[in-house]
Chemist: 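Dumping the structure here so I can ask a few things about it.
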Amino acid sequence: MSFVISPQAQPSVAVAGSDQRFPVRRIFCVGRNYADHVREMGNDPKSEPPLFFSKPADAVVESGALIAYPSNTSNLHHEVELVIAIGAGGSNIDEASALSHVWGYGVGVDLTRRDRQAEAKKAGTPWDTAKGFDRSAPISALTPAASCGDAANARIWIKVNGETRQDANTHDMIWQIPEIIAALSRWWELKPGDLIFTGSPSGVSALNPGDAIECGVDGLAPLSFSISR
Ligand code: MN
């Protein structure tokens, strides 16, 4: 096959302890998945089904990166999240078999232009400029499911300049991993290479130029990155 312009490189994520990489097809995200964070954003945790949005595949950023402060915001927020990496696709996946579709896990940060998101919520307009911007998905190296701990019951945390901002456990997710995969696969056919950011606990807060961010989920490779001055 020949293309009329050069195709872009396949976005991919590192794999812990390996030279091989995980090719990224799509990035799905769950909104409002920890009760404390739902409450801090002014919503009732049990009133609605899972809320999904997405980021472009090339929004991924490798651990260790220096990220420019994004344009068109003065309120960039961090949201630390467990990330599911899908290895086997499917539609209408049932909860009982959902974990067999998981290749592995990572920790990611759903970077958010909170000011733009607040405007979009108020106006009833899409979230793309708030959530799906360039370099909005820093993510750790992925760990195969077989060699990580229990990702569904693991401490999840983030520090900014050494100060803990979010510190929770993934068992406090409103929608657990099998429920997320089952629900998502009723909206979209999942395919190998899909990433799912599973939502953030309470404690989201602003990032500023010069900040150094470290985060992790116990049992997985950590993630660090910085915002340039
Ligand atoms: Mn999020």
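Counting starts at 1 for both ligands and their atoms, following the listed order. Please read these numbers as outputs of a predicted model, since none were measured by experiment.
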Chemist: Relative to the ring of Phe53, is the ring of Trp127 parallel (under 30°), tilted (30 to 60°) or perpendicular (over 60°)?
Modeler: tilted

Chemist: The Mn ion (ligand 1): which protein N, O or S atoms are under 2.8 Å away?
Modeler: Glu79 OE1, Glu81 OE2, Asp110 OD2

Chemist: In the single-linkage hydrophobic clustering (I, L, V, M, F, W, Y; side-chain heavy atoms under 4.5 Å), do Phe28 and Trp103 co-cluster?
Modeler: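 In one cluster: no.
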
Chemist: Are more than 12 heavy atoms from other residues, nucleotides or ligands located less than 6.0 Å from atom CH2 of Trp187?
Modeler: no

Chemist: How would you list all residue pairs meeting salt bridge (charged side-chain N to carboxylate O under 4.0 Å, His left out) that involve residues 215-229, not counting sequence neighbours?
Modeler: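 Residue pairs passing salt bridge (charged side-chain N to carboxylate O under 4.0 Å, His left out), neighbours aside: none found.
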
Chemist: With rounding to the nearest 0.5 angstrom, report the CD to CE distance, Glu179 to Met173.
Modeler: 9.0 Å

Chemist: Do other residues, nucleotides or ligands put more than 12 heavy atoms under 6.0 Å from Asp134 CG?
Modeler: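 Not more than 12 within 6.0 Å, no.
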
